Amino acid sequence: MTGEGRRLAVADYDRAVRLWNLRDGTQLTQLDLHAQASELRMSADGETLAIAHGDQGMSMWRVAQPTNPVLIERAGARWQLRFSASGSRLLAGSTRRGFQVYRSADGVRLAPLLDAGIAPEREALLAVSADEQIVMTAARGERARFWHLSQVAEPAGTEATPVAGPAGHRILRSAGDVRAALSPGGDHMAVADREGHVHILDVAGGTVEVGTVDDELNYLGHQGPVTQLAFSRDGNRVASAGTDGNVRTWDVATGLPQPAYANIAAGDVRRMAFSPDGEHVAVLAGQRVAVTSAEDGTLLADLDLGALHTSLAFGADGALYLGAESGRLRRLGADRTGTWTLDNVWLGTDPLRHLAASPSRPFVVLVDARDRVMLLDLQDGRLGNAVVDLPGRVEAVTVAPGNSRVLVQTSRWLHRLSVATSGLSWRDALLAPAAVADAGIAIDRIPPGNPDAGMLDPLGNRLLMLTQDAGRLRVSELDFDYRNGPLLFGTRDELLLEWRRKLAMDWESAR
């Protein structure tokens, strides 16, 4: 409700939020959300709504534009939301991933990610000063932190008005529900939006600015929002899935959609993946999974799984592995007659949230709801004894081309794990920027001057992530070879001992 009590926003169980004028009882507008709302915040003037979606992320909407969100963040966390007094700024985030200040008009980030220094299980106390220049983050019984926003300059070239192409279509908006993916090696980027438009861009320069893409290169691939994008392993194809029920494939070299496409049951597509040879595309939507031909769109398999599944990955054998909320790992594969059958492979005690498979060796990496990362040998169905228990929520996982390293992305860190016959062991980690949701981790190429220059880095030393900063989609380069400074490495006990010593020394010097 607004401060003056003129407007009331109500979240219903049909994933819609309706805004009412309390003076005459009329409905002003309706927002159709991508996920159920768990918390609503309204700006003082009643023109902007910020919505938390449980652990599915958050969104921000302008009442005057009910079909286009100003901002959608899909990072899994328990989001907290606070508007400034005028409503021109929104403070949003979580104790696990940090807090961000956004401009309400267009969703542009106005400051770096703020670390509240609060344990992930605690709830933060948030406040914005009356002059909107100071942000406070705190927890009950602990120290408060104050942040001066006046020392952070407004990003240049981030006007709140939309940027339009020659045909009036807004290209690469600075905010809203934009989907993006990066090819292996970082040569190309695929960008899609709620209108169903898909772009394939050469990103050799590292940065794509809002409105710099010619609208003539745009093709309408879907009749509704695009929900997922995925590159093939060789980077030659892109697949897109939309709420219209269609799955399309695109030729990266030309940027053109292939003429044939598959029609699957419409729904919220959670995951999509190419087979290692790039010939098949798998789409997971709740309890249904579909496998299509990437070449001509032929629907090869379409099954009702009978239970909610949230992860999938193609294995080296060409079969599709599926992770269920029940903790069951299942295998969908084709026999010599081309018939696809579903088998149970393994059963755990916790829901499986992420899967990654080696493209050439018989193992699958499993991540469960407790953020434990495990290695399953597909030849004997044995789970490795060595399990990595990460402190942050896992957002993406991939296997490096050399098969000896696994890369795991959490909200603040990129972790690198070693693969052995005994399972997985934590190797090192580096601080990572806030990534575009669901964009994943891309392996970079070995630089010139090396005998293997141009190949994807086999150990995953060089990585690429898509980030968004002041209206720009940016390719951020991350390096595990220590050239940019020391990393975090060592066992958990060693690290705790080291930091206890450091803190004790600081305390003694302060006295």
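Computed over heavy atoms, backbone and side chain alike; hydrogens, waters and symmetry mates excluded. Positions are given from 1 along the sequence. Here the structure is a predicted model, which is why all the values come from computation and not from measurement.
Between the side chain of Ser404 and the backbone N or O of Val419, no donor-acceptor pair lies under 3.5 Å. Between the side chain of Asp377 and the backbone N or O of Gly381 there is no donor-acceptor pair closer than 3.5 Å. Of the possible donor and acceptor atoms, none in the side chain of Arg353 sits under 3.5 Å from a partner among the backbone N and O of Ala369. For the pair Asp371 (side chain) and Val394 (backbone), a donor-acceptor distance under 3.5 Å is present. Distance alone, capped at 3.5 Å, is enough to place a donor-acceptor pair between the His309 side chain and the Ala307 backbone. A donor-acceptor distance shorter than 3.5 angstrom exists from the side chain of Asp335 to the backbone of Thr339, with no hydrogens or angles considered. Between the side chain of Gln36 and the backbone N or O of Asp12, at least one donor-acceptor pair lies under 3.5 Å. Listed for the Ser232 side chain is a donor-acceptor partner under 3.5 Å among the backbone atoms of Arg237. Although no hydrogens or angles enter the test, the distance criterion places no donor-acceptor pair under 3.5 Å between the side chain of Asp304 and the main chain of Arg288. Remark: the backbone N or O of Leu300 is not paired with any side-chain donor or acceptor of Thr298 at under 3.5 angstrom.
Using a 4.5 Å heavy-atom threshold, the side chains of Leu332 and Leu312 count as separate. Under the 4.5 Å side-chain criterion, counting only non-hydrogen atoms from C-beta, Glu325 is in contact with Thr310.
The shortest non-hydrogen separation linking His222 to Asn246 is CE1-O, 3.2 Å. Summarising the geometry of Arg122 relative to Arg140, their closest heavy-atom pair is NH2-O, 2.7 Å, with the distance given to 0.1 Å.
Within the structure, salt bridge (Lys or Arg N to Asp or Glu O under 4.0 Å) pairs that include any residue of residues 307-323 comprise Asp317-Arg331 (at least two apart or interchain).
A salt bridge is defined here as a Lys NZ or Arg NE, NH1 or NH2 lying under 4.0 Å from an Asp or Glu carboxylate O, and Arg445 with Asp457 fails to meet this definition.
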